[in-house]
Amino acid sequence: MTRETDVEPMQGRLVVASNRLPVVLDRGRDGRWRAEPGSGGLVTAMRPVLQGRGGVWVGWPGADPEQDGTGLRKALDELSEGSGYSVHPVLLTEKEKEDFYLGFSNQVIWPLFHDFQTQCNFDPRFWETYRKVNRKFAEALREVSREGDFLWVHDYHLMSVAEDLHALGVKSQTGFFLHIPFPHLDLFVKLPWRFSILRSLLSFDLIGFQSARDRSNFLQCLDALLPSAEIGGKPTDRVRLVRLGDRHVRVGVFPIAIDFEEFASEAASSEVSERAARLRAEGLGRKLVLGVDRLDYSKGVPHKLKGFRLALKRYPDLRERVTLVQLVIPSRENIPEYERLKMEIERLVGAIQGEFTRGDWAPIHYQYGHWDRVELLAHYREAAVALVTPLKDGMNLVAKEYCASSLEGEGVLILSEYAGATAQLQNDALLVNPFDVEGVAEAIHEGAIMSREDRRRRMGSLRRTIQDFDLSWWVDSFLKAAREDGWRDLPSVHTFQPQPPEGFFSF
Ligand code: ADQ
């Protein structure tokens, strides 16, 4: 993000808390820690805001403190000096990492909130440690904050922090943003700690969700489980007020965004252009269909592969004309379910290759690993079609990044109805139900043969939407919603419901 936030300065500083600090730690040959600024959506969004107004970022540094706690702090202090805001580590023990991060966060909340209830492990020890670590974060926030600061807490790892802050007597205003979906009531009530989580969330002054779908699920839970809560406003209001006796909690919809200009200008750089040209030459005139997903069952990679296989089966004209490049980014490899998923993906890729490979054409280029920025942007730029088909996703930044990098404006975005991004992009993406293999196959064919004129019209409009609601809009709106009266003039929210074909229900 290049421009400063437009929001009138709040009194006091901004203090951000997230599970991970925005740093990449590296231990040099001399054994000394070095801290480099990290990248990613949250970091890019928050860094200029913190730089502009000064502030603190609290989080886990991602390294084992037991080896060299003092050296680590020193490296973080050095980074703080050069960045205009300070970085404050919360150190976790091995057991805390196990039970708080891999346990409660990623084997209870992550699966449940993505509608994968059968993958939940409701181990009571996980909850105990989650509460303990949230308390640790609250203590760190108490240590670094002062009266008048605004405390902005991020994501499902830290849902209980505000309750602990209250218990510790911290009076600062607090906001929470949930990056993942919020589940439907039927699922939420299965959580053994459902009332505690609700109470914790309601301890924040402002709660932000990615989409109207998530907020509506949350309010439905509130309505059912805490009927005394009075919910004001309409479903399309950006911010709705919840009254709990004397207390008011603001509940808003703030779809996370990307720095459009940064993606567009990096995609135009000579390095990316050269790499994109090489990809084109290597592709021998074939259309590149692109998938970029973290290894996660919520991303629906096996479903996508089945859709691609059916497209090749049903539409022989696609064979030798399109190639699916699928990057799977390693993630949470210590959880057995992720290892199983990896094996399933690799088995499917092997089966599709075996069935369709002819001469010098293999239908899928599968890669398990990381791409650097140039490689990622060159693929975005070169892809004729992006296949973004999560089974459930808070937002999905890949969809937005693809459009921002599609400089020629001719790419086609195939997008799952279950990505948060769909509410904003529904008019111009080809929408699919990722569970409907036939629908995915149809969309791949439609995307591959779409006329240039249609592609340009759709992509032009997608790019405009992503540019209009970019990263600074996201930060500004959240901070505006936190201000006493700032939230009333925020624009209404986009909503989404699947629509039947025209005339379908004319009896
Ligand atoms: P994620 O589940 O991680 O995020 P997503 O929104 O798709 O999902 O973001 C993935 C990010 O990884 C993208 O920004 C992408 O550029 C980046 N990436 C791509 N290739 C990479 C590589 N090789 N190495 C490292 N990173 C790479 C969660 C929620 C989402 C929500 C985001 C932000 O699950 O729904 O959109 O937070 O709120």
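As a basis for the values below, the full set of heavy atoms in this structure was taken, side chains included, without hydrogen atoms, waters or symmetry mates. Note that the structure is predicted; figures quoted are calculated from it, not measured. Remember, it's 1-based here, ligands and their atoms both numbered in the order they're listed.
Within the structure, side-chain hydrogen bond (donor to acceptor under 3.5 Å, both in side chains) pairs that include any residue of residues 376-385 comprise Ser273-Arg381, Arg280-Glu382, Tyr380-Glu401, Arg381-Glu408 (at least two apart or interchain).
Taking CZ from Arg455 and CE from Met450, the interatomic distance works out to 8.0 Å, rounded to the nearest 0.5 Å.
Applying the side chain to side chain contact (heavy atoms under 4.5 Å, CB included) test between Val289 and each of Val385, Thr323, Ile364 identifies Val385 as the sole match.
Residue Ile329 approaches ligand 1 through these ligand atoms, each under 4.0 Å from one of its heavy atoms: 18 (N), 19 (C), 20 (N), 21 (C), 22 (C), 27 (C). Counting atoms of ligand 1 from 1 in the listed order, those under 4.0 Å from a heavy atom of Ile256 are 33 (C), 38 (O). Applying the 4.0 Å criterion to heavy atoms of Trp110 picks out, from ligand 1, the atoms 34 (O). Close approach of ligand 1 to Val398 is summarised as follows: ligand atoms under 4.0 Å from at least one heavy atom of the residue are 7 (O). With ligand atoms numbered from 1 in the order given, ligand 1 contributes 23 (N), 24 (N) to contacts under 4.0 Å with heavy atoms of His370.
The aromatic rings of Phe182 and Phe188 sit tilted relative to each other, their planes meeting at an angle between 30° and 60°. Between Trp474 and His154, the ring planes are tilted. Angles from 30° to 60° get that label.
Ligand 1 has a nitrogen or oxygen under 3.5 angstrom from a nitrogen or oxygen of Gln210. Polar contact with ligand 1: present for Leu397 (N/O pair, distance under 3.5 Å). An N or O contact shorter than 3.5 Å links Gly394 to ligand 1 by distance. Considering backbone and side-chain N/O of Phe177, none are found under 3.5 Å from N/O of ligand 1.
Asn19 and Tyr101 share no side-chain donor-acceptor pair at under 3.5 Å.
In this structure Ala35 satisfies the side-chain contact (heavy atoms from CB on, under 4.5 Å) test together with Leu25, Ala75, Leu76, Leu79, sequence neighbours excluded.
Around atom 2 (O) of ligand 1, the closest heavy atom drawn from Arg294, His179, Arg373 belongs to Arg294.
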